[in-house]
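Here is the naming used below: chain letters follow the sequence lines, and residue numbers restart at 1 for every chain.
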Amino acid sequence: MTDRKPVYLMTPALAWLTAFMVVPCLLILALAFFRRGIYGGIVYEFTLSNIALVFDPLYARIFLKSAGIAGLAATIAVVIGYAAAYAIASMPRKRQPILLFFAVLPFWSNYLVRTYAWIVLLNREGLIVSLARAVGFDGDLPQMLYTETAVVIGLVYNYLPFVILACYAPLSRLNPEIHEASRDLGASEWTTFRRVTLPMTVPGIATGFVFVFVLSIGNFVTPALLGGGQFQMIGNLIYDQFLTANDWPFGAALSMFLIAIMMGLLTLQTFASEKASGQQRAEVSDD
Amino acid sequence: DDLVISNWDGYMAPEALDSFTEATGNDAELVLHGTNEEIMGKLIASNGRGYDVVFVSSPFAEVLQNMGLAEQLDHERLPNLANLYPEATELAHDPGNQYSVPYTWGTTGLCYRSDLVDGQPDSWQDLLNPSDELQGKTTMLATDRWLLGAGFLAKGYSVNETDPDKLADVRNLLIEAKESLLAYDDTTFYAKLVSGEAELVHAWDGWCNYGIAENADIEYVIPREGSDLWVDTMVILKGSENKEAAYEFVNYVLDADNHRWASENILYKVPNQAAMEALDPALIEQFPNLGMTPDEMMAFEQLRNVGDAQRAYSRVVSEIKAAN
Amino acid sequence: MTNRSSLRFMLLILSATFAFLYIPISVLFALSFNASGLPTAWTGFSTHWYGELIANSDIIGAALNTLIVAIVSTLAATLLGTLLAIGVEIRRRKGRVLETVIFAPMIIPDIVLAIALLSFFSMLDFRMGLHTIIISHTVFNLAFVCAVVRARLKSFDWSIVEASTDLGATPPITLRRVILPVLTPAVVAGALLAFTLSIDEFIIAYFTAGSGRDSITLPMQIFSMIRFGVTPEINALAVLVMTLSVVALAISQRLNRGRLPGQ
Amino acid sequence: MTSTLLSLANIEKRFGELRAVNGVSLDIRENEFFALLGASGSGKTTLLRMLAGFDMPSSGHILLDGHDISQVPPNHRPVNLMFQSYALFPHMTVAQNIAYGLEMEKLPRTEINERVDEMLSTIQLTHLAERKPEQLSGGQRQRVALGRALVKRPRLLLLDEPLGALDKKLRGEMQLELKHIQNTFGITFIVVTHDQEEALVMADRIAILKDGELLQCGSPHEIYEYPVNRFAADFIGVMNFLPARVDSGALRAVNGSRIAAPLPADLKPGDNALAAVRPERLRLGVADADNCLNGRISAMAYHGLDLHLHLETPVSPHPVMVRLTADAAEGHPFSVGEEVSVGWSARDTRVFTA
Amino acid sequence: MTSTLLSLANIEKRFGELRAVNGVSLDIRENEFFALLGASGSGKTTLLRMLAGFDMPSSGHILLDGHDISQVPPNHRPVNLMFQSYALFPHMTVAQNIAYGLEMEKLPRTEINERVDEMLSTIQLTHLAERKPEQLSGGQRQRVALGRALVKRPRLLLLDEPLGALDKKLRGEMQLELKHIQNTFGITFIVVTHDQEEALVMADRIAILKDGELLQCGSPHEIYEYPVNRFAADFIGVMNFLPARVDSGALRAVNGSRIAAPLPADLKPGDNALAAVRPERLRLGVADADNCLNGRISAMAYHGLDLHLHLETPVSPHPVMVRLTADAAEGHPFSVGEEVSVGWSARDTRVFTA
Ligand SMILES: Nc1ncnc2c1ncn2[C@@H]1O[C@H](COP(=O)(O)OP(=O)(O)OP(=O)(O)O)[C@@H](O)[C@H]1O
Ligand SMILES: Nc1ncnc2c1ncn2[C@@H]1O[C@H](COP(=O)(O)OP(=O)(O)OP(=O)(O)O)[C@@H](O)[C@H]1O
Ligand SMILES: NCCCCNCCCN
Ligand SMILES: [Mg+2]
Ligand SMILES: [Mg+2]
């Protein structure tokens, strides 16, 4: 019976995913093995050339570059977001939902609106520069907008609440006595954090990191607006294949590549976070 | 069912649909697309269903035709085609308006702040290899065909060039140009000019006019190496279930008054002789590029669907964007 | 954790984070009241743009559509995703895992999912509209909810589930009366996340929307307006949305005083 | 009244390599108070979990009223478990925790309230009915766990260390209450306890587990007085062991002195053996004792009601323990180093193979 | 060796309305083994938590070596606490849990490993060193918690029910080990236990808490033999209480019979009083007893080493309990309903105000 239960909890979601994700996506991704027609469209003729093309160093470079930006954004977001989630979780319990609410509220405006607000802040004639001028600074300020930094700021900003939410979940009910036990054994707050709280909340951190990473690597609005279109994320590349170049087979091949790599990373992450958080298979069943 | 029309935002007179309804009795709905690519993707994935008339740039109209999604036009039902300039009925992408009707046309050139830029820029090199004062104050269009177009024109190649060596030349040129660029931008470049963030931008003529409207110091110039001739078209979809009304709509747009009215609202040239002749001269004064004649424009090559070479184009653009 | 200096440190972190979160918001707040509407200069206080907004039925309609999509897909995704997370964790504890399908919706590039769904729907001759956006948003939202809830479940005390079963509860009752209440903070976090994702999502919504105006969402509307930059009405709308959210929260607080989600 | 309620047939539970429960067969009778004793880690909790239905035996069968219940889910077994770790619902108050099981039975609200109130007063937590578990002391939590299981009045109640965190006073009261509930409602109890006295006093029968195996099962008197082997003898109560050898029908201690004792049949001359006698069976002086022993007091411990002497003797490498009543002790002002003689009778001596 | 290590001056801890600890003043001496006894919920854990530094007293002071440590954070107090709920680190193995505190002291790795190994063998978990807590039995977890605190060898070690989940055998061994560690390393222990025997045997001094207040503090003998009031007498061990009245210098039971006992000075004629005598002080027969009592056996309980008789008597509404050694019991084959006479001496009688 304990065997049947998880299945029927999962069935609705799995059915949903099968109908509205697995089947449609397989149909599209299968195109990776066919040829692009001269004017776009698909010629149903088996080929591995699209797959082969993915391994061109150019795409590897783009992949690494966007993974670098996404990784940096995810790392920064995780640091800030975890700290904020930790702070929220250490506030009186009845305040916590309100704090969470206000942490996500800005993100119920609109992505473009927020991104433009950053443009207003960061541009050469923008608020930050004006402010610096107003307080008497008249040196040259480095170009902030249309740089990688701006892209990272934009990504961190927009995905920060997701990290806060992901980290808050496991932090919300940590047993305080475990924290106390560590203090009692001579650990400072910081050491306790590093050796006890942090490892126990690795699942939340990993989840938050994954959120920012996958959302960033597929983002094209922020690189376009805050990066001045000078940085190409892998998501952008895929988008271009499907829409601009009308090259679905290659878009599908790139997508498969991206999905495969991310799956690999995620499996690693699950594995690592389970090790770190002390989760283990509770028993070795004999079946 | 309502007639469903997809167009860019602000690319028709705001009341155009109401007056169409009033004039023809057909209910119509306007939905918006941000880019050619969006609406193309949507049409291809849905096999051309759901829309009756779409506004797309000419290479995309060609794709719709190639994929068999565009309606073969019955000229009988479009009497107002007669209002078009003769040149506009023989455009390279669709001679004889078999499946598309030109809505607007124009050139791609340089839009700049005459009060900030020294002298009058007159070459693509002024954009690609700007003077010291202009370093970091230029933008280029981000869409692949127009981005490459600037390079092709600077090099004196065809804007539809497919020779790999020439493509490589252009790639190198554009990668170098990237150094001095503020950003790639094909949506808000005029605003950057207005705010002064940018001083010289790669622009479509009509869109430069939006800048001129806000700041009279902004000017438009076609570099001496030339421009492309871009054409935005109306396509009736084969899958349309309201063909009657769709024809009526296209015909309605081609009406001299209506098309003029559109031009005055959106500040783009329309290929409608009757409309252009009736255009308010004051407008041409304020926005000189509205005064360009079909004759002058026909000197320029149109962007065409390049078939398999599209793969190479995409790759080159990726190389440019990935360069640092 | 409760000593005073660390509390002060926590407050410091919170203030800094909230400052970061709200600085751009205050900018657009200010812009929405700027008479000229241009970000370049302050030309005086005006509620003009709010008037424009109210008069713009396209934007208001799109905003309402977005709200419908976000709410319905959040509810569906929260339900499906939470159950999925619980099921997966129970199963994982028994040693078998099927992670891939569950991660996939997060990783699949938006454009692939968008095109795949549209092709799929039109292949089946599915009528498209708000409902197809909702279906599609539920796909990725449920994966995000599932991930958040799972992060919490890793430190869940499963013995209370056994206790509940032992006391005679059927699995659905245990779910409703024990697992879900204890998971509430995580479920609320997951729902907030789903709502936030949905409210901003553009590509998938664009492709799975019907062709009429009645399934245009706010991001679709705004993205298509991008060539004019962000117009001040949109700033006004953003401010309005946030204000209404706060008002709604305050009212719900008042209605069930002291009883908050997550308690 | 002695019909069998529960039968365990050759139950085994493996965790990887480890056999936590290893071939246990056992019958529990209707309305019996059955105690499980065993060292920490001997498999007691694991056994209870299988009875409650949370773990499947790796092999073997569990019959309730003669029906195999291995496949019956926990919520359909007329069996309740009080968890060693309490497993209280953190989001419910004390009263809600206790009411939960009754609500599952869909009893009318008034009856639920009545029984919850009754149980609260039984476990003496009426004043804390509205508290959440995290605001309770350890013993209070344990009582909630106990109350939550008891209030269901199942046919078979499994209690994993039900009174371990309670002070003696309260434990005594709770023990009485358990007995009372058992009699009133005819519930069969299986109780894990590490408190042997509790087991000896309360249980009808006791089972001793060792490393997952059933060592001995019997009445408290049997277990205490006739342990089956050295381990059982040592595990329950205190036992003095004297190494010995069987020598032509008699038992001889290491110093050669004879130990009068009933010899088990399976001991042959030349075998090594252990003579065992409980400390309370040793008396001061050797008058009419079958066995006697001289020793030097190496330590003394005051236990309130009695005094323990540790004697160094020539017959054992370990000190021999003597338990004197306070009464007896007060007659002699003992001091460490003093020599004393003690005696005991043959029938108080048990002999095990070494 | 009797210098004061820790002084509590009027410590109070409130949770809202509740005074969990209420004006406790206490001195703990260097190297002392101090036991805290008290009913469930009496404030024992709360007191330890204040000593460890997790909770601030609502008022009062804690002095260690004469210095007020109220503001010293837990990690800078030379004090360790073993938690009643264990609070093991779920993500660390048994060995890592134990090593943690030593790593905090930045000891060299080799020394850490050595001490961890040693501790693992002390707590008999060497074979489970690599397990995670969730794979341990209740008693095994408790031992890890104990080992983790012990291995630090602090000046003051606070143990909250350190042996509560262990079987008697292991508990005995652990008790010896605790004593041994205390002697070897000169650690001061404060142990919360609900096992009175443990407290009586091991502690140098015992404090009894009741509802957050300190009731009595003294040596085990003092506490057992001279409880300060009825509650203390009742709490430790078993006590028979006989209601009585002071009547011109003598004490009279409810049936008018005289009770020979030393009278406390503060009792005046006419006062209500309680005479108290421990069950093991009652002897069969009345030969040379100062007090005697006839009763009918209402219940008998076999406790392994002794036999408890419950007598219905005319002097008390509650049954009077008599504790006979197995030896004494085997002489008489008692049966329920039988009439017996018991006697006890005046010096074994305590008198409390009612
Ligand atoms: N966080 C809290 N909030 C409110 N009351 C509490 C809290 N912690 C403890 N109490 C109450 O304080 C009193 C003392 O609790 P404490 O844990 O000190 O008892 P204890 O003597 O350790 O009992 P036990 O032997 O059962 O562990 C109890 O009545 C308990 O319910
Ligand atoms: N999930 C598990 N995985 C691996 N081993 C386990 C697991 N649970 C229990 N064990 C092991 O099985 C053995 C029996 O455990 P069990 O909990 O039944 O002991 P117990 O008799 O209840 O002990 P205690 O009196 O200490 O509670 C122990 O050695 C324990 O370490
Ligand atoms: N891979 C699918 C993720 C969908 C989430 N898109 C959200 C976009 C927010 N701007
Ligand atoms: Mg156990
Ligand atoms: Mg306690």
Side-chain angles (χ1 to χ4, degrees), chain A residues 5-6 9-10 12-13 16-17 20-21 24-25 28 80 83-84 87 90 94 96-97 101 104-114 116-118 120-121 161-162 165-166 168-170 172 176 179 189 200 203-204 207 214 218 235 238-239 242 255 259 262-263 266 270 277 279 281-282 285, chain C residues 1 6 10 13-14 17 21-22 24-25 27-28 39 80 83-84 86-87 90-91 93-95 99-101 103 105-112 115-117 120 135 139 142 147-148 151-152 154-155 171 185-186 189 192-193 196 199-200 218 222 230 234-235 238 241-242 245 249 260-262:
Chain A
K5 185 161 80 176
L9 288 174
M10 294 187 288
W16 195 279
L17 291 180
F20 300 117
M21 182 195 73
C25 287
I28 294 302
I80 303 176
S90 58
K94 59 178 192 294
Q96 295 176 12
F101 171 83
V104 294
L105 181 64
F107 302 86
W108 296 354
S109 58
N110 175 274
Y111 196 97
L112 275 183
V113 171
R114 291 190 302 276
Y116 271 94
W118 275 108
V120 170
L121 281 167
F162 301 155
L165 294 172
Y168 171 77
S172 65
H179 179 272
E189 275 293 336
M200 286 179 66
T207 304
V214 301
I238 292 170
Y239 178 91
F242 277 102
S255 301
I259 293 167
M262 300 287 285
M263 287 285 183
L266 280 178
T270 319
S277 67
Q279 292 285 313
R281 284 165 48 170
S285 46
Chain C
M1 226 192 260
S6 71
M10 292 301 139
I13 289 178
L14 275 186
T17 312
L21 292 179
Y22 279 88
I25 299 306
V27 168
L28 67 91
L80 296 175
L83 295 185
L84 179 63
I86 295 168
I90 291 176
R91 206 168 160 124
R93 285 167 52 80
K94 299 183 152 285
E99 311 278 351
T100 23
V101 179
F103 282 134
M106 304 198 301
I107 308 165
I108 292 174
D110 289 16
I111 185 64
V112 174
I115 287 189
L117 279 165
F120 179 72
I135 286 173
V139 169
L142 81 82
V148 172
R152 167 68 181 91
K154 306 267 181 195
S155 53
L192 283 176
L193 183 124
T196 308
I199 234 176
D200 255 354
L218 193 63
I222 295 178
V230 163
I234 302 293
N235 287 328
V241 165
M242 289 186 281
S245 306
L249 178 79
L260 287 165

Could you please spell out the steps behind the side-chain contact (heavy atoms from CB on, under 4.5 Å) verdict for A:M10 and C:L83? CA-CA 6 Å; A:M10 294 187 288; C:L83 295 185; over 6 Å; no
What is the distance from atom CZ of A:F20 to atom CG of C:L117, rounded to the nearest 0.5 Å?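 Reported to 0.5 Å precision, the distance equals 8.5 Å.
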To the closest 0.5 Å, what do you measure between OG1 (A:T207) and CZ (C:R152)?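 If I round to the nearest 0.5 Å, the distance is 13.0 Å.
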Side chain, backbone, both or neither: which part of [X] has an atom under 4.5 Å from a heavy atom of chain C?
X: A:I28; value: side chain
X: A:Y116; value: side chain
X: A:L17; value: side chain
X: A:V120; value: side chain
X: A:L112; value: both

With no hydrogens and no angle check, is any side-chain donor or acceptor of C:D200 less than 3.5 Å from a backbone partner on A:N110?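 A pair under 3.5 Å: no.
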Could you tell me which portion of [X] (side chain, backbone, both or neither) has an atom closer than 4.5 angstrom to a non-hydrogen atom of chain A?
X: C:T196; value: both
X: C:V27; value: side chain
X: C:L192; value: both

A:M200 and C:S155: side-chain contact (heavy atoms from CB on, under 4.5 Å), yes or no, with the steps? CA-CA 8 Å; A:M200 286 179 66; C:S155 53; 5.5 Å; no
Apply side-chain contact (heavy atoms from CB on, under 4.5 Å) to C:S245 and A:F101, showing your working. CA-CA 9 Å; C:S245 306; A:F101 171 83; 3.9 Å; yes
Is any side-chain heavy atom of A:S109 closer than 4.5 Å to a side-chain heavy atom of C:I25?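 Touching, per the 4.5 Å side-chain cut-off.
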Stepwise side-chain contact (heavy atoms from CB on, under 4.5 Å) test for A:W16 and C:I135: CA-CA 9 Å; A:W16 195 279; C:I135 286 173; 4.1 Å; yes
